[in-house]
*Asks:* 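After the structure tokens below, expect a handful of questions from me.
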Amino acid sequence: MAARFNPLEADARWQKVWEEKSTFHASGNGARPRAYVLEMFPYPSGRIHMGHVRNYTMGDVLARYRRMNGFDVLHPMGWDAFGMPAENAAMEKKVHPGEWTWSNIDTMRAQLKRLGFALDWSRELATCDPSYYGHEQALFLDLYEAGLVYRKQSEVNWDPVDMTVLANEQVIDGRGWRSGALVERRKLNQWFLRITEFADELLDGLGALDQWPDKVRLMQENWIGKSQGLRFRFDLAEPVAGEASFEVFTTRPDTIFGASFAAISPDHPIATALAAEDEALAAFVAECKQGGTTAAELETAEKKGFDTGARVVHPLDPTWTLPLYVANFVLMDYGTGAIFGCPAHDQRDLDFARKYGLPVTRVVAPSPEEANEPIGDEAYTGPGRLVNSRSLDGSTAEDAISSVIAQAALGGWGEGTTVWRLRDWGVSRQRYWGTPIPIVHCEACGPVAVPRDQLPVVLPEDIDFAAPGNPLDRHPTWAKVDCPSCGGPARRETDTLDTFVDSSWYFIRFASQPADKPFDKAEAECWLPVDQYIGGVEHAILHLLYARFWTRALNRIGRLDVEEPFKGLFTQGMVTHVTFQDAEGRWLTPEEAESHEGRVTRGRVEKMSKSKRNTVDPEPIVDQYGADAVRWFMLSDSPPERDLEWSEAGIQGSWRFVQRIWRLAAEEAERGGSTWLGDGEDAALDRKVHRTIAAVGANIEALAFNKAVANLYELANALEKAPASPSRSKAVEILIRLAAPMVPHLAEQAWASLGREGLIADAEWPAADPALLVEEEVTIAVQINGKLRDTLTAPKGSTRETLEEMALASDKVTRLLDGKPPRKVIVIPDRLVNLVA
RNA sequence: GCCCCCGUGGCGGAAUUGGUAGACGCGCUCGACUCAAAAUCGAGUUCCGCAAGGAGUGCCGGUUCGACUCCGGCCGGGGGCACCA
């Protein structure tokens with residue numbers, strides 16, 4: 001057995017063996033319990049980065065651990081392969097998006113394989129493959145037929161130079177990120193999925209996801225944004241623009257007697273109608289639309305209004321009228337686009353009222369004494385009882401809410417209702433590199449679904465990226481088809497689907513991939529839900545919400561009897577690295593920083609990014625140290641949910657550890673390997689080994705990889721100090737099995753060198769002997785007044801009396817107590833004795 | 001502005017339901033081996049102090065025999081949402 005572990009040789013050897021034996025193929029034959037371990041599939045951007053390595057290493061440890069525990073593990077890999085970077089590459093490098101994408105996939109697949117992940121490559125898929133997106137088109141049509149897809153006019157960010165729609169993130173300071181042109185708001189016909197119809201169940205379903213981080217559940221809860229309140233009608237004193245009334249929404253109907261104005265959005269139909277006849281109002285509306293949409297601008301934006309001169313009638317007092325304003329802070333797409341203003345108890349309303357000299361009447365007071373306490377610069381939003389509110393006076397705010405809702409229902413002027421922040425999901429993208437929406441537009445028949453036997457609708461290959469805009473739109477023939485319904489001339493939908501649709505069901509396709517349909521219901525249900533899903537927290541809202549929605553939508557139309565796609569979710573931290581800048585503030589790579597002549601500033605430790613020039617390419621690191629050292633480093637030190645700082649010293653430390661395990665194994669191999677096994681002789685070491693078995697298992701189950709790593713270091717330390725014995729030989733073998741999920745190549749090599757049969761990947765996880773988990777002797781802390789003064793060793797399970805006696809007999813204790821008996825003695829068996837003097 | 005999370009050695013971080021703070025790793029110091037270095041091995045490493053001892057988990061206070069852990073109030077860092085009625 002070689003004195004040093006040679007990873008380059010071992011990595012390649014064992015990766016080949018695993019592949020030849022199809023070791024990591026999920027059998028799905030039902031012989032063993034199943035486990036589905038999944039990491040978020042990568043976008044094929046070009047090369048693997050450290051974030052991928054960390055993500056997939058974590059999933060891999062769990063997958064290998066489950067296998068060793070007797071599970072039939074599904075651990076697949078694929079490619080989220082549609083998206084804009086491919087089109088950008090097409091424009092910049094004059095290469096076809098498909099060619100660029102597939103070549104990246106080849107590179108990245110090879111890179112992933114070099115890390116030795118226990119993946120079932122037989123199930124690999126790419127979303128840009130017609131054999132994937134064709135099924136997605138079928139699912140889209142299923143949802144369409146079920147009424148969960150619809151088309152409507154919607155505003156988009158339009159870049160007039162690139163002639164394309166931009167996502168909000170691509171609009172920087174009101175300009176297109178690529179062209180720099182001023183972005184316009186434009187109305188386009190777009191496809192939407194009815195996610196809002198599932199708002200209630202998506203919210204309620206969060207409660208059952210007890211293996212999700214609280215943080216993510218909270219973020220989704222906020223995103224869904226359920227508000228309960230009253231929707232009610234304001235009658236106009238005189239009809240305005242032909243309208244006799246309009247509706248408002250409020251979560252605080254209790255404050256209705258504190259109303260001092262009504263306000264509608266600049267986009268409200270009444271505002272539009274009035275503006276048509278009022279130049280000043282038209283100018284005001286135009287001004288509102290101009291305002292920036294960045295966070296900073298909104299925060300500082302002044303509350304502005306335009307008094308229409310119209311009056312609305314208070315619903316509970318026909319003699320009371322309020323002025324009607326058009327206000328810049330009222331949003332058309334939330335609630336009804338109109339509000340009633342209660343300045344005393346809403347900060348925005350207060351700002352507005354102060355500016356326009358409107359009355360501010362307190363109607364909720366925390367105590368009777370404060371009933372007429374004037375409102376200053378801050379609205380009162382706390383709890384209390386109603387004041388200045390006629391029949392409501394004296395009731396709690398809570399009761400008043402129900403009371404007003406009941407009165408509204410009775411009087412027929414309003415009703416209790418729920419309003420959601422969540423909007424329907426717009427899935428149309430005016431781009432080439434995505435799943436074509438399988439719809440044909442016919443002048444006579446309108447939108448018609450492409451017949452199933454004509455799926456997939458395949459993207460044309462011969463496209464031109466020289467001109468701006470969507471190449472599908474410009475293609476000479478692709479869009480021209482006959483209407484499937486009437487046979488007349490028609491035109492294909494040239495928009496493609498949001499790539500989030502692709503990732504909303506890939507985990508189902510991994511579980512079951514028949515050629516003739518998206519998935520087999522029974523087969524998919526055997527694997528789903530995913531037992532453990534691992535990925536970045538940046539997907540906490542959109543991807544995870546969309547996938548939950550898609551799963552529930554399939555459930556509703558009877559295609560899949562699963563409610564939640566991901567039983568367990570883990571969001572891992574980023575990989576960070578130091579940054580360097582030169583005197584001019586230019587970012588330097590670590591190598592440049594070292595050789596730089598001028599002044600170099602060591603910057604903050606930040607997420608690896610190309611712009612900060614602090615990335616570390618995993619591949620050369622694997623070349624130098626091998627896959628196992630890299631994997632080990634990814635698991636060490638930092639808790640997996642927090643950021644991990646990459647460092648040269650860290651990888652070297654991991655390399656040292658790999659070699660230490662190897663030396664332990666090599667020693668034992670020379671001593672005779674498995675033939676030297678016998679009964680335990682080193683009782684203390686046996687205990688340590690079994691405690692480690694239990695601890696490593698528990699920590700892997702909890703995804704606390706850093707702690708499992710620490711457990712293994714401790715065992716290795718103990719083994720290096722332990723004299724040779726059968727116990728020790730056995731312990732080394734167990735150490736190798738415990739480390740196998742983390743450093744699989746080393747483990748296989750050591751396993752073989754010790755003369756063990758078969759692959760360690762197929763070996764059983766060692767069982768911890770419960771009898772060896774309990775210590776015979778325990779260390780007891782002796783405290784005086786809660787401060788540690790001494791420790792003593794006692795047999796486990798010693799009585800309170802014995803422990804108290806032993807503590808009082810301690811020299812230090814007698815000295816410190818000065819002969820006086822303690823006033824009180826607290827004994828926690830097997831832990832401590834606290835003497836209160 | 002609203003909501004959430006986090007503050008522990010030089011650094012990353014450990015610490016069952018409140019019960020010996022600093023496991024494990026990195027770094028550093030000293031020593032062994034070596035002509036020397038690397039690698040490796042051994043000892044040490046919260047702070048103050050020669051020691052005895054004292055202080056110590058962002059700060060202030062509280063509950064408790066006992067607080068990193070629970071409660072209240074500050075300070076600092078990070079994240080999410082954002083004119084959501």
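Reminder, nothing fancy here: chain letters follow the sequence lines and each chain counts from 1. No experiment lies behind these values; they were computed from the predicted model shown.
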*Asks:* Which is true for A/Glu645 with a 4.0 Å heavy-atom rule: it touches a base, it touches only sugar-phosphate, or it touches nothing?
*Replies:* nothing
*Asks:* Look at all strands and tell whether A/Tyr713 reaches a base, only sugar-phosphate, or nothing, counting heavy atoms closer than 4.0 Å.
*Replies:* sugar-phosphate
*Asks:* Counting the atoms with a prime plus P, OP1 and OP2 as sugar-phosphate, which does A/Arg217 contact under 4.0 Å by heavy atoms, base, sugar-phosphate, or nothing?
*Replies:* nothing
*Asks:* Whether A/Arg4 contacts B/U40 is assessed here as follows: a side-chain N or O lying under 4.0 Å from the phosphate OP1 or OP2. Is that the case?
*Replies:* no
*Asks:* Do A/Lys303 and B/C83 share a donor-acceptor pair, side chain to base, under 3.5 Å?
*Replies:* yes
*Asks:* Want to settle it: does A/Asp643 or A/Asn834 sit nearer the 5' end of RNA chain B, counting the closest nucleotide to each?
*Replies:* A/Asp643
*Asks:* Please report the distance separating the C1' of B/A21 from the corresponding atom of B/C28, rounded so that it comes out in whole Å.
*Replies:* 22 Å
*Asks:* May I have the distance from A/Leu712 (atom CG) to B/A14 (atom C1'), rounded to whole angstrom?
*Replies:* 15 Å
*Asks:* Taking any heavy-atom pair under 4.0 Å as a contact, classify A/Thr779: base, sugar-phosphate, or nothing.
*Replies:* base
*Asks:* Considering only B/A85, B/C24, B/U20, which nucleotide approaches the side chain of A/Ala710 most closely?
*Replies:* B/C24
*Asks:* Can you tell whether the side chains of A/Asp346 and A/Arg252 come within less than 4.0 Å, N to carboxylate O?
*Replies:* no
*Asks:* Tell me which one of A/Ile828, A/Val825, A/Ile826 satisfies side chain to side chain contact (heavy atoms under 4.5 Å, CB included) with A/Val833.
*Replies:* A/Val825
*Asks:* Syn versus anti for B/G9, judged by chi lying within 90° of 0?
*Replies:* syn
*Asks:* What integer distance in Å separates A/Met219:CE from B/C4:C1'?
*Replies:* 10 Å
*Asks:* A/Arg789 side chain N/O closer than 4.0 Å to the phosphate oxygens (OP1, OP2) of B/G54?
*Replies:* yes
*Asks:* I want to check one thing: is the phosphate of B/G66, taken as OP1 and OP2, less than 4.0 Å away from some side-chain N or O of A/Arg831?
*Replies:* no
*Asks:* Fit a plane to each ring of A/Trp632 and A/Tyr713, take the angle between them on a 0 to 90° scale, and name the class: parallel (under 30°), tilted (30 to 60°) or perpendicular (over 60°).
*Replies:* perpendicular
*Asks:* Rounded to whole angstrom units, what separation is found between the CZ atom of A/Arg660 and the C1' atom of B/G42?
*Replies:* 13 Å
*Asks:* So which nucleotide does B/G76 pair with, by the Watson-Crick or G-U wobble rule with both distances under 3.5 Å?
*Replies:* B/C6
*Asks:* Look at A/Asn706 and B/G12 and indicate whether a side-chain polar atom (N or O) is within less than 4.0 Å of OP1 or OP2.
*Replies:* no
*Asks:* Find out whether the Lys NZ or Arg CZ of A/Arg421 is both under 6.0 angstrom from the six-membered ring centre of A/Trp223 and within 45° of the ring's axis.
*Replies:* yes
*Asks:* Rounding to a whole Å, what distance do you find between A/Asp830:CG and B/U16:P?
*Replies:* 17 Å
*Asks:* Checking base pairs now: Watson-Crick or wobble, both atom distances under 3.5 Å. What partners B/G1?
*Replies:* B/C81
*Asks:* Looking for any heavy atom pair under 4.0 Å, which part of the strands does A/Val419 touch: base, sugar-phosphate only, or nothing?
*Replies:* nothing
*Asks:* Judged by each residue's nearest nucleotide on RNA chain B, which is more toward the 5′ side, A/Phe249 or A/Glu720?
*Replies:* A/Glu720
*Asks:* Determine the Euclidean distance between corresponding C1' atoms of B/G76 and B/G66; express it in Å to zero decimal places.
*Replies:* 29 Å
*Asks:* What integer number of Å spans the C1' atoms of B/G13 and B/C6?
*Replies:* 14 Å
*Asks:* Within the structure, does a side-chain N or O atom of A/Asn717 lie under 4.0 Å from either OP1 or OP2 of B/G25?
*Replies:* yes
*Asks:* For A/Lys787 and B/G54, is the shortest distance between a side-chain N/O and OP1 or OP2 below 4.0 Å?
*Replies:* no
*Asks:* Please assess A/Phe340 against A/His314 for the test ring-ring contact (aromatic ring centres under 6.0 Å, His included), listing each intermediate value before the final yes or no.
*Replies:* CA-CA 10 Å; A/Phe340 87 83; A/His314 194 282; 7.9 Å; no
*Asks:* Report yes if at least one side-chain N or O of A/Thr251 is closer than 4.0 Å to OP1 or OP2 of B/C84; otherwise report no.
*Replies:* no
*Asks:* Rounded to the Å, how far apart are A/Asn711 CG and B/G25 P?
*Replies:* 12 Å
*Asks:* Within this structure, what is the CG-to-P distance between A/Leu835 and B/G19, rounded to whole angstrom?
*Replies:* 19 Å
*Asks:* So does A/Arg642 get a side-chain nitrogen or oxygen closer than 4.0 Å to the phosphate oxygens (OP1/OP2) of B/G13?
*Replies:* yes
*Asks:* Would you mind reading off the distance between A/Gln220 atom CD and B/G79 atom C1', rounded to a whole angstrom?
*Replies:* 16 Å
*Asks:* Can you tell me the base-pairing partner of B/G56? Count Watson-Crick or G-U wobble geometry only, both distances below 3.5 Å, and say none if there is no partner.
*Replies:* none
*Asks:* Under 4.0 Å: is that the gap between some side-chain N or O of A/Arg348 and OP1 or OP2 of B/A85?
*Replies:* no
*Asks:* Roughly how far apart, to the nearest Å, are B/A55 and B/G80 at atom P?
*Replies:* 43 Å
*Asks:* NA contact type, A/Ile826, heavy-atom cut-off 4.0 Å: base, sugar-phosphate, or nothing?
*Replies:* base
*Asks:* Taking OP1 and OP2 of B/A85, is either one under 4.0 Å from a side-chain nitrogen or oxygen of A/Arg231?
*Replies:* no
*Asks:* Side chain of A/Trp223 only, please: which of B/A14, B/C24, B/A82 is the nearest?
*Replies:* B/A82
*Asks:* According to the Watson-Crick and G-U wobble definitions, with both distances under 3.5 Å, which nucleotide is paired to B/U16?
*Replies:* none
*Asks:* Roughly how far apart, to the nearest Å, are B/C59 and B/G25 at atom C1'?
*Replies:* 30 Å
*Asks:* Would A/Phe352 and A/Phe261 count as a close aromatic pair, with their ring centres under 6.0 Å?
*Replies:* yes
*Asks:* I'd like the P distance from B/U57 over to B/G62, given in whole Å.
*Replies:* 15 Å
*Asks:* Please confirm whether A/Arg362 makes a cation-pi placement over A/Tyr380, using NZ or CZ under 6.0 Å from the six-membered ring centre and within 45° of the ring normal.
*Replies:* yes
*Asks:* Counting only side-chain N and O atoms of A/Lys215, is one of them less than 4.0 Å from OP1 or OP2 of B/C6?
*Replies:* no
*Asks:* Could you state the CZ-C1' distance from A/Arg691 to B/U16, rounded to the nearest angstrom?
*Replies:* 15 Å
*Asks:* In the structure shown, which nucleotide is the Watson-Crick or G-U wobble counterpart of B/G42, with both distances under 3.5 Å?
*Replies:* B/C30
*Asks:* Please determine if a side-chain N or O atom of A/Arg421 lies less than 4.0 Å away from the OP1 or OP2 oxygen of B/G80.
*Replies:* no
*Asks:* Would you call the rings of A/Trp425 and A/Tyr546 parallel, tilted or perpendicular, where under 30° means parallel and over 60° means perpendicular?
*Replies:* parallel
